[in-house]
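No experiment lies behind these values; they were computed from the predicted model shown. Counting starts at 1 for both ligands and their atoms, following the listed order.
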Amino acid sequence: MPNSTEPVLHCHLKEKDCKDVDHLGYFGHTLVVPSPSGDNLPSLASATTSPTSPSKRPVKVQCEVRTRIPSEYCETPHSLLLYSNDVDSEEHMALVFGYEYSALPGTGIWSRSLERVVEGETARDRYVRGAVPEEWGDEALFHDEVLTRLSMHNQTMEPRGKASYGMLLERQTRKFPISDLFGRQSHTMDTKIPITEELGVNKVPSLVFDDQIPLARIHSCCFTGETLGSVRCDCREQLIQAMKLMAAEGRGVILYLKQEGRGIGLRDKMKAYNLIDKGFDTHQANLELGHPADGRSYIIATAILRDLQIPSVRLLTNNPHKVHSIVQDGVVVSERVPMVPASWTNGDLTQSGSSAGGGFDVLDRDEYLVTKVQKMGHILDIPNEILAGTASRNSPNTKRVASVPSASPQK
Ligand SMILES: Nc1nc2c(ncn2[C@@H]2O[C@H](COP(=O)(O)OP(=O)(O)OP(=O)(O)O)[C@@H](O)[C@H]2O)c(=O)[nH]1
């Protein structure tokens, strides 16, 4: 752990979650930061993966469009950001609570790649892809002027070229001319960006904005749970719970990854369900279909976090593999925030009532969660009643028989 002269990471992780946090090599990760004119802002946000990352090449992501989503789950609207990337052809997303346009470094969540300067782009183009604040007037937004003079990022800081991501936390005083869409300077603001000494590789960064470390959730999509309301899993409840928590804090990000079925796709997830109905568990069913139990990677999620300038998160998950993956890729996880089904905490252990009104059997979901704890390393305290219920369903007398003959792996 850091000595007393070093910055302190307030780490609430259990010991086994925490072991990677001391030697992150966090500042080995580089980002291209904009020059004063913003003209070296890369068209794709670059993030080098850590030396220990399974993929050694930089992952590039670019936010293509942002829009405001008012939601029935929270009073204040959040921003939905859609990303392209150079790893797969999926459109992964980020739901940002508390998006702040061109906030001062280290103080707010905003996408560098969204707010990039695009040569020849008009104000209207920029508005349409969501790269200006909603409150800007229509007159300005639909002005036809080509925004070659756009200077949203024209801070008077010295040109830095490539810089450590940690520079976001560097102590310095800078003048930030606040410019409008057409480059007219409206006023200048002095700001002190506090703390942190020179931080070298292998040191834990000082969490200057400790109380502001945002909640984050890395969420793999689940058509059956989120759209159809399936209670074979807890995905829908987790998504809604994450949104509510972030809305309550006014900040946070959900990285919504197109990784249906833990990455095996909807077709094979449906096959897995058929196997589960014959007595396989969620872990066995994947193997039976020739897939790893969980083959997901989170390198796109960490690239998006970097694009959003979020170096540290409080991660909402029960899955320690997610924590270790993103820590390995340079993100500081200051806390793992567990996600416990509401029905396990509200005393109604046999029925779910969390998001859809309740009154239905959630034994399938509970079996799924028990398997994740018992076979896939998830961290979740299972109430004894749930253990007893799932055990009795699978007792020799009542067990559904795994009567599907073993087949050669199919894709
Ligand atoms: N293969 C398979 N995928 C499933 C099954 N049930 C749900 N899923 C998928 O599992 C994924 C759930 O992922 P996440 O929400 O990231 O959850 P997690 O990895 O369990 O970790 P946390 O929720 O963060 O604790 C989604 O992609 C679902 O579509 C199943 O029985 N088999």
Side-chain angles (χ1 to χ4, degrees), residues 13-14 17 88 90 92-93 95 215-243 245-246 252-298 300-302 313-327 333 335-342 344 354 362-382 390 409-411:
L13 298 176
K14 290 183 183 169
D17 295 341
D88 61 32
E90 299 289 350
H92 303 286
M93 288 172 251
L95 271 68
L215 279 171
R217 166 140 184 90
I218 299 178
H219 189 91
S220 299
C221 78
C222 179
F223 171 74
T224 48
E226 291 151 16
T227 307
L228 303 183
S230 160
V231 285
R232 282 182 183 266
C233 63
D234 59 340
C235 299
R236 176 179 150 84
E237 180 178 345
Q238 286 183 317
L239 184 61
I240 296 170
Q241 196 184 344
M243 290 174 72
L245 286 170
M246 291 175 195
V253 59
I254 299 175
L255 302 163
Y256 188 86
L257 304 179
K258 294 287 197 66
Q259 297 174 321
E260 182 74 44
R262 297 198 294 274
I264 69 175
L266 182 58
R267 177 192 303 232
D268 277 12
K269 181 174 131 181
M270 290 164 69
K271 291 179 182 174
Y273 281 160
N274 289 335
L275 291 171
I276 289 169
D277 284 345
K278 290 294 179 189
F280 289 79
D281 62 39
T282 185
H283 181 271
Q284 293 166 333
N286 263 35
L287 302 182
E288 182 70 11
L289 292 168
H291 296 292
D294 188 346
R296 286 172 294 175
S297 145
Y298 302 105
I300 294 174
T302 52
V313 296
R314 289 151 53 223
L315 193 67
L316 279 159
T317 187
N318 304 321
N319 183 346
H321 305 297
K322 281 186 188 171
V323 178
H324 290 158
S325 292
I326 71 167
V327 164
V333 179
E335 183 181 357
R336 183 185 68 80
V337 182
M339 304 211 80
V340 185
W344 290 15
S354 57
V362 287
L363 200 49
D364 287 325
R365 181 207 66 185
D366 288 345
E367 273 188 357
Y368 166 78
L369 293 175
V370 169
T371 301
K372 283 196 179 177
V373 171
Q374 292 179 341
K375 292 192 167 177
M376 300 172 77
H378 282 229
I379 305 165
L380 194 56
D381 288 332
I382 307 170
T390 55
Q410 30 180 305
K411 292 266 171 184

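- When Y256, F280, F223, Y368 are checked for heavy-atom proximity to atom 6 (N) of ligand 1, Y368 turns out nearest.
- No donor-acceptor contact under 3.5 angstrom links the side chains of D381 and W344, judged on distance only.
- Shortest contact from atom 12 (C) of ligand 1 to any protein heavy atom: C235 SG, 3.8 Å.
- Near E260, the atoms of ligand 1 lying under 4.0 angstrom from a non-hydrogen atom of the residue are 27 (O), 29 (O).
- Each ring-ring contact (aromatic ring centres under 6.0 Å, His included) pair with one or both residues in residues 217-237, not counting sequence neighbours, appears once here: H219-Y256.
- Residue-ligand proximity, N286 to ligand 1, at heavy-atom distances under 4.0 Å covers atoms 1 (N), 2 (C).
- Looking at ligand 1, you won't find any N or O of D294 less than 3.5 Å from one of its N or O atoms.
- A donor and an acceptor atom, one from each side chain of H321 and D294, are nowhere located under 3.5 Å apart.
- With atom 29 (O) of ligand 1 as the reference point, the heavy atom nearest to it among E226, K269, R336 is part of K269.
- Near Q259, the atoms of ligand 1 lying under 4.0 angstrom from a non-hydrogen atom of the residue are 27 (O).
- In this structure, of H378, Q238, K322, the residue bringing a heavy atom nearest to atom 16 (O) of ligand 1 is K322.
- Distances between N or O atoms of I276 and those of ligand 1 include no value under 3.5 Å.
- A donor-acceptor pair under 3.5 Å links the side-chain atoms of R262 to the main chain of A293, judged by distance alone.
- With distances taken over non-hydrogen atoms, the option nearest atom 26 (C) of ligand 1 out of C221, A272, A293 is C221.
- No donor-acceptor pair under 3.5 Å is formed between the side chain of N286 and the backbone N or O of H291.
- Nearest residue to atom 30 (C) of ligand 1 from N318, T282, L255, I218 is T282 (criterion: closest heavy atom).
- Scanning the protein for heavy atoms near atom 20 (O) of ligand 1, the closest one is K372 NZ, 2.2 Å.
- Contact annotation: for I264 versus ligand 1, heavy atoms closer than 4.0 Å belong to the side chain alone.
- The shortest N or O to N or O distance between Y298 and ligand 1 is not under 3.5 Å.
- Between R232 and D277 there is a salt bridge, with a side-chain nitrogen of the basic residue lying less than 4.0 Å from a carboxylate oxygen of the acidic one.
- For ligand 1, the atoms closer than 4.0 angstrom to any heavy atom of C222 are 28 (C), 29 (O).
- In this structure a side-chain-to-backbone donor-acceptor pair under 3.5 Å is missing from Q238 to T317.
- Put simply, the side chain of K271 never gets that close to the backbone of L289: no donor and acceptor are under 3.5 Å apart.
- Remark: the backbone N or O of L257 is not paired with any side-chain donor or acceptor of H92 at under 3.5 angstrom.
- Contact annotation: R217 has at least one heavy atom less than 4.0 Å from an atom of ligand 1.
- Proximity of a side-chain donor or acceptor of Q284 to a complementary backbone N or O of D281 within less than 3.5 Å is detected.
- Between G261 and ligand 1, a contact under 3.5 Å exists for at least one N or O pair.
- One option in R262, R296, H219 has a heavy atom closer to atom 13 (O) of ligand 1 than any other, and that option is R296.
- S325 and R296 form no side-chain donor-acceptor contact under 3.5 Å, judged by distance and modelled atom types alone.
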